[in-house]
Amino acid sequence: MNTRLSSLDRRKFIRGVGGFALALPAFETFSGVAKAKATSAGKKRLACFYMPDGVPMPRKDDPAFQDWSWFPHGSGRDFKLTKCLGPLESLRDDLTIVGGLSNPAVRNIHGHSNADQFLTSANTGANGDYKNGVSIDQVFAEKSGEHTRFASLVLSTDGGTGSPRGAQTLSYNKNGRPIPAEHRPKRIFDTLFVKSNDDAARQLAMSESALDDLMEDARSLQRTLSKSDQERLDEYLQSVRDTELRVEKAKQWIDIPFPKVDADRLTLDVTPEDPLNYLRTMYELIYLAFKTDSTRSVTYQLGRENGVGASDYLARAIGFNLTHQLTHQTKQPDGWKNLGSYCRFLNEEFGRFASRLKATPEIDGTGNMLDNTLLYFGSASSAFHTSRNYPLILTGGKNMGFKHGQYLKYGQGNEDNQADAGVSTDKGWRTEAEHQELPIADLYVTMLQRLGVETETFAGSSKTLSEI
Amino acid sequence: MRATVAAILFILPSLCLNAQNGPAFEAAKAIGLERSSYRKPATAARISPDAKPEADLETFRTKIEPLLRESCYQCHGEEKQKGKFRVDTLDPNLLSGGDQSWWLEVIDVISNGEMPPVDDDVELADEGRAEIIDWLSNEIHVASQVRRSEGGHSSFRRMTRYEYNYALQDLLGLQFDFARDLPPETESEDGFQNSSEMLQMSASQFSQYREIARQALRKSTVRGEQPKPIHFEISMTEMTERATRNFESQKKKIEDKFKDDPEKLAKGLEKLSNSNSRNVSLNDVHLINSKAVAISPPRSGYGGKEIRWDPVEEKPQPPTETENQLIIPAGKEQIFDFGDFLPDSGTVLVRFRGSRGSVEEGSYPNLRIRFGFQPSNNSKTSFQVGGKTIAIKAAPNDPQFFEFQVPLGEVSRNPYRGNGVLGRRPNPSEYLIFENMTMAKASPSNQIKIDYVEVTAPYFSQWPPESHKRIFIESEKSDDEKATAREVLSAFMARAWRRPVLDSEIDRKVKLFVKLRPSCEDFEDAMIEVLAGVLSSPQFLYLAQSDETADKLTEHELATRLSMFLWCSVPDSELLDLTESGELSDPKVLSQQTERMLADPKAKRFSEQFTRQWLGMQLLDFLNVDKKFFNQFDADLRNSMKGEPIAFFHELLQENGSVLNFLHADYAMLNERMAVHYGIPDVHGNEFQRVVLKPESRRGGLLTQAGLLAMNSDGKDSHPLKRGIWLLENILHDPPPPPPPAVPEIDLTDPDILKLTLKDRMEDHRNDPACMSCHAKIDPWGIAFENFDAVGRWRDEIGKDAVDANSVLFNQQKLEGMEGLKLFLLENRQDQFARSMVHKLASYALGRPISFADRADLEQITADLRKHDDRLATLITLIVTSEIFVSK
């Protein structure tokens with residue numbers, strides 16, 4: 001269907017998204033304050049990761065239960081990781097495993113439709129009309145983006161936005177619209193470290209002239225108003241001034257040179273056909289983005305739901321053909337072990353990334369990067385496509401007040417994770433839940449507050465989880 | 001007259017015991033009118049041009065104070081101060097003193113009999129009561145007129161979100177939802193969004209205005225040649241042939257596969273026959289031919305099966321024969337798949353030729369279309385498009401053409417189009433769903449028969465489109481960019497800023513154009529940037545009032561206020577022409593224009609916006625009904641519930657009926673869905689239509705409308721407190737004080753409490769003296785609604801117990817259910833309701849909070865309203881021609 005491309009409006013590429021905002025698909029820029037020296041005092045970072053389709057949840061009487069359950073055995077500080085999360089043992093004191101949370105609005109909807117709401121906790125429904133809300137990373141990025149060239153980095157293995165109830169991105173803006181994710185390492189590297197948006201300078205100059213003119217309009221209107229009305233119009237004038245400041249700041253970034261990063265060690269032309277190297281390259285790019293303070297907010301959807309797309313090849317790294325199929329074959333010989341091995345593989349790479357952050361000191365010598373970076377890893381699918389009891393891991397961010405070293409189980413009636421265990425049919429997600437779970441938005445309020453966002457609420461929740 | 005009234009009063013109680021009775025309500029209206037204080041001759045204006053207005057302290061000293069001492073000081077004086085309120089220390093000089101708001105409270109509670117409380121040992125005789133009210137009304141009247149000259153609240157404000165949207169629609173000529181991304185407005189105390197005190201501006205909102213303006217202008221304008229449209233030609237004959245071919249090819253596959261195994265062959269063919277087209281149910285969508293042979297249409301699917309229609313370049317001709325037809329029974333739908341060929345933007349024109357199944361009396365079909373896509377099995381979405389539903393009444397032997405238009409750039413699109421492979425996941429196809437949304441039981445009379453569908457995209461009724469020509473007007477100087485820019489700007493700015501524009505203002509914009517031109521691709525590009533500035537300017541966004549004229553609005557300001565009031569948008573050219581000649585402020589012209597504007601279709605916006613805000617209907621947007629209690633609450637019912645009060649208001653406005661109909665009317669505006677919900681038979685179609693109500697329906701007026709009852713419930717059960725507060729705030733404009741901070745919760749784990757009915761629980765809960773004082777005034781109103789459940793249906797029992805909807809007001813007046821409530825209001829509170837209507841409409845019309853200074857004018861309007869049979873459209877005219885409307 002190449003007629004589509006030729007009929008695309010070329011101007012769309014030049015102009016980008018939003019007035020003077022620098023815009024390439026994956027990077028939303030608002031503005032940046034040029035800081036002469038990078039300091040890490042009070043610096044906070046967030047990275048969110050998503051794995052699709054579900055995790056192993058065998059029944060207690062299944063021989064695979066001991067080694068291959070996703071959730072640990074035990075609780076509180078006294079917990080034992082199974083082989084799934086085993087690779088994270090060395091980070092035990094830097095992590096918290098959380099169970100018993102989900103989004104009440106979508107608990108009876110198939111997990112494949114629910115990746116969209118993982119970071120938004122909105123009611124995305126099952127069919128018909130579709131509406132989503134803002135994701136937590138964007139709430140955080142609005143603030144943290146003032147200090148960096150890029151407000152956020154939005155990544156996924158499959159790229160783009162996906163479709164309603166089939167997301168290929170984790171991030172949604174204030175109006176609930178998906179932010180397109182980037183999936184090609186070369187493009188990510190180029191945008192972060194090599195090329196600037198040439199059009200930016202032109203757009204910013206135009207904005208300046210336009211704002212000047214509007215200021216004049218406002219002043220001439222003000223002269224005709226009564227005193228009290230003049231005060232009311234001041235809000236408009238202040239808004240114009242604030243926008244002028246943002247343009248000013250954005251212009252400054254154009255003159256600041258990109259950080260120097262050596263591309264030799266990276267294989268930038270790798271694709272998910274070589275899943276191990278692809279995954280490692282993506283993690284490496286995220287690490288570099290944090291290290292150079294190019295951004296402080298990252299999301300990476302490791303795979304989209306339902307095996308539609310290149311992310312389905314990731315299991316080839318450990319010798320399986322298609323990843324999604326593993327969740328359907330748990331009843332076959334070694335079924336739990338196979339799915340569990342895939343989880344283990346993902347956790348190995350994730351652990352490698354987290355350990356790298358832990359081993360890297362902050363620039364000003366105040367501890368290591370992991371202590372200032374909250375890593376959030378999880379899924380909206382747990383036992384065979386049921387969208388309850390999300391498997392979640394919080395890592396790092398000790399300086400933000402996370403206690404870590406614990407396995408916290410919320411809700412009532414499913415402490416042993418047996419509610420949907422052993423299920424391998426649609427009967428799982430179609431049945432009403434008999435146990436209770438807490439709204440995951442409670443966790444998000446907690447996370448946002450620890451990240452320094454001044455808010456009491458998120459997605460309809462105004463509670464926090466103090467144990468975390 | 002008195003004798004007749006007395007006779008009616010005598011007969012009344014026996015009539016009332018039955019179901020709601022027309023004559024009872026009519027009689028109550030007559031009684032209430034008799035009691036109106038506006039029937040007395042208007043008090044002579046106490047402000048003569050020469051004399052200086054003065055407070056009447058003489059009457060206070062000699063007549064009023066003794067009455068107050070006798071009836072009020074005991075509880076509101078030196079020894080006791082009930083409700084923390086003292087009457088004895090109020091300053092009787094309303095002109096210069098500071099106690100006006102307290103005196104307003106006093107006149108309210110004395111007028112409606114709330115004070116003195118009936119069960120206490122103080123009394124206030126009727127004559128004394130009348131004297132106090134007389135004196136107070138006069139003083140308030142004079143004082144308010146004095147206050148007017150001191151100035152009050154300003155109505156300088158920005159346009160609300162919905163006004164901005166309509167203004168862009170009217171200016172650009174495109175009916176898109178431009179304001180979709182703007183944040184929602186906050187309501188004022190009165191519930192109105194257009195109150196000057198609440199409308200603020202922030203940097204991010206300002207940026208949004210700029211971006212919206214830019215996008216809107218791009219959508220309105222075009223470049224180059226008219227793009228060649230593609231067409232889809234869907235004839236049911238072709239569809240039948242496809243279905244037949246499908247069947248034949250599947251049959252052949254089975255025959256080939258099992259040609260050596262007759263048993264499996266037979267089984268395979270039987271399975272095919274059962275699952276496929278030959279065994280069609282006539283209750284489902286099916287194709288039928290002139291010999292009445294029916295088959296199933298090809299089933300659509302997202303993966304593997306391609307049933308899409310391919311585009312053609314030549315405009316198709318509708319076939320002359322109608323041998324094969326598609327039948328869509330009531331409640332069913334058919335999908336038409338267009339692959340990923342639909343363009344990114346532009347309008348798609350969907351035409352079809354159809355009729356209903358038969359022309360019997362009774363239910364006829366309604367068609368609406370949805371647009372959707374399903375890239376993979378758990379990722380699908382669809383939503384209504386086309387902006388309307390179509391009632392199909394054409395007879396089967398005389399099918400008609402019907403059409404929808406859908407702006408493709410304004411709806412959610414399949415992100416994989418152009419990037420996927422048709423028939424594989426992710427499926428890049430998009431489709432239209434034709435839905436027969438009739439609620440009634442399926443029958444031939446409400447079937448939809450279609451023989452031909454034609455889709456064209458992008459569709460333009462002219463080129464360049466009208467929206468483009470409005471902006472880039474014909475110019476003789478088309479070679480001179482700067483001069484052309486000046487022409488375009490002069491025309492556009494005058495319309496957008498709704499006043500003549502100074503040369504200096506145009507000059508400045510032309511200068512900006514010259515500055516931006518080198519950075520832009522072409523003339524149009526640069527022009528759009530500058531015009532976006534015109535639409536982001538405060539001259540457009542704000543409804544300004546210049547300080548230059550003393551206290552009257554200028555002609556242009558008046559035109560803007562009038563069009564914001566009646567059309568929620570900018571003035572049209574007829575209004576602007578009148579302002580040029582300075583005629584608009586003439587009351588006769590204002591009346592004429594009001595009449596013209598109310599008859600214009602744009603007045604529907606007024607009905608919608610005012611009704612929604614007046615009745616606090618945003619609660620309906622968020623209503624969640626418990627599925628276990630009522631599982632038929634869907635988007636259609638919610639939309640119908642939202643539409644009913646608005647349609648009722650609009651009907652009353654168009655026929656200029658009495659506002660008392662809001663309290664009770666003998667007709668309702670219903671569509672099929674609402675009629676089904678109410679159990680009223682023989683209403684068909686999705687449009688609201690006038691339905692005469694039988695007394696057994698128990699409906700009539702606002703108080704029995706399901707949406708208003710449902711939004712004042714909790715999703716499972718009625719909520720008398722919410723309903724009581726709603727009645728007091730929205731209908732009677734007598735808001736109760738806010739709850740205190742520490743309200744103890746009802747202990748629902750106490751078995752004794754669980755045994756009580758809701759009404760008893762409320763009584764028990766409010767028996768605490770701290771709570772009693774306020775709740776005695778709120779709860780009884782809400783209890784009267786108890787016969788209506790959480791979705792507004794009538795109920796006689798709650799569980800095993802009979803409903804008890806009887807209550808007693810603070811002054812011992814009994815309210816016996818909804819009927820009793822309505823009779824009480826009609827007999828005793830007509831004045832209060834009339835004042836409330838005036839207050840609400842005036843707040844909305846002026847776009848600012850009402851202050852004490854406005855009171856005299858509002859009283860005058862109320863008096864005039866009552867003298868004109870309380871008519872609604874007349875009230876609008878009274879407001880528009882009043883002093884407050886033409887003043888700042």
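Only this structure's heavy atoms are used, side chains among them; waters, hydrogens and symmetry mates stay out. Within every chain, numbering begins at 1; the chains are lettered A, B, ... in the order of the sequence lines, protein sequences first and strands thereafter.
Closest non-hydrogen pair, A:Gly128 versus B:Thr381, comes out as O-OG1, 3.0 Å. When all heavy atoms of A:Tyr236 and B:Ser536 are compared, the pair lying nearest together is OH-O, 2.6 Å. Shortest non-hydrogen contact noted between B:Tyr416 and A:Gly166 is OH-O, 4.3 Å. Nearest heavy-atom pair, A:Ala218 versus B:Pro538, reported as atom, atom and distance to 0.1 Å: CA-CG, 3.6 Å.
Note on B:Lys509 versus A:Asp217: salt bridge recorded, some NZ/NE/NH1/NH2 to OD/OE distance being below 4.0 Å. Ionic pairing of A:Arg177 and B:Asp181 is present here: one or more N-O contacts between side-chain nitrogen and carboxylate oxygen are shorter than 4.0 angstrom.
Highest contact tally toward chain A, considering only B:Arg508, B:Lys380, B:Gln545, is held by B:Arg508 [criterion: heavy-atom pairs under 4.5 Å]. Interface remark: of the candidates B:Ser196, B:Pro183, B:Ala532, B:Ser196 forms the most heavy-atom pairs closer than 4.5 Å to chain A. Comparing B:Ser546, B:Ser519, B:Ala635, B:Gly533 by how many heavy-atom pairs each has under 4.5 Å with chain A, the most go to B:Ser519. Listed options A:Asp229, A:Asp116, A:Asp242, A:Val308 were ranked by heavy-atom pairs under 4.5 angstrom with chain B; first place goes to A:Asp229.
A:Phe118 meets the ring-ring contact (aromatic ring centres under 6.0 Å, His included) test with A:Tyr50, A:Tyr376; sequence neighbours excluded. With sequence neighbours left out, A:His183 forms a ring-ring contact (aromatic ring centres under 6.0 Å, His included) with no residue at all.
Distance CZ/B:Phe206 to CZ/A:Arg241: 11.5 Å, rounded to 0.5 Å. Taken to the nearest 0.5 Å, the NZ atom of B:Lys515 stands 3.5 Å off from the OG atom of A:Ser209.
Counting only distance, with no hydrogens or angles, the side chain of A:Arg232 and the backbone of B:Phe156 share a donor-acceptor pair below 3.5 Å. Not a single donor-acceptor pair under 3.5 Å links the side chain of B:Ser537 to the backbone N or O of A:Leu214.
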Check against side chain to side chain contact (heavy atoms under 4.5 Å, CB included), B:Ser376 and A:Arg165 = CA-CA 9 Å; B:Ser376 58; A:Arg165 307 182 180 109; over 6 Å; no

task = Go through B:Ser154 and A:Ser228 one step at a time and tell me if the side-chain hydrogen bond (donor to acceptor under 3.5 Å, both in side chains) criterion holds.
result = CA-CA 8 Å; B:Ser154 162; A:Ser228 58; 5.4 Å; no

request  = Begin with the C-alpha distance, continue with both residues' side-chain angles, and end with the deciding distance and a verdict on side chain to side chain contact (heavy atoms under 4.5 Å, CB included) for A:Asp129 and B:Gln384.
outcome  = CA-CA 8 Å; A:Asp129 220 339; B:Gln384 183 178 2; over 6 Å; no

query = Hey, mind stepping through A:Met206 and B:Cys520 against side chain to side chain contact (heavy atoms under 4.5 Å, CB included) and telling me if it holds?
reply = CA-CA 9 Å; A:Met206 281 179 52; B:Cys520 294; 3.8 Å; yes

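In this structure, the portion of A:Arg304 lying under 4.5 Å from any heavy atom of chain B is its side chain and not its backbone. The contact between A:Asn175 and chain B is made entirely by side chain atoms (from C-beta outward), counting heavy-atom distances below 4.5 Å. In this structure, the portions of A:Ser226 lying under 4.5 Å from any heavy atom of chain B include both its backbone and its side chain. Neither the backbone nor the side chain of B:Arg370 comes within contact range of chain A; no heavy atom of the residue lies under 4.5 Å from a heavy atom of that chain. For A:Ala205, no part sits under 4.5 Å from any heavy atom of chain B, backbone or side chain. Interface remark: A:Glu216 contributes backbone and side-chain atoms alike to the contact with chain B (heavy atom separation under 4.5 Å). Using a 4.5 Å cut-off between heavy atoms, A:Leu233 contacts chain B through both its backbone and its side chain. The part of B:Leu199 that comes within reach of chain A is its backbone (N, CA, C, O), which places non-hydrogen atoms under 4.5 angstrom from that chain. Neither the backbone nor the side chain of A:Arg223 comes within contact range of chain B, judged by heavy atoms closer than 4.5 Å.
Side-chain contact of B:Ser379 with A:Ser163: a donor-acceptor pair under 3.5 Å is present, judged by distance alone.
Between A:Asn127 and B:Ser382, every side-chain heavy-atom pair lies at or beyond the 4.5 Å cut-off.
Counting non-hydrogen atoms of other residues, nucleotides and ligands closer than 6.0 Å to NZ of B:Lys511 gives a total of 12 or fewer. A 6.0 Å sphere centred on NZ of A:Lys174 holds no more than 12 heavy atoms belonging to other residues, nucleotides or ligands.
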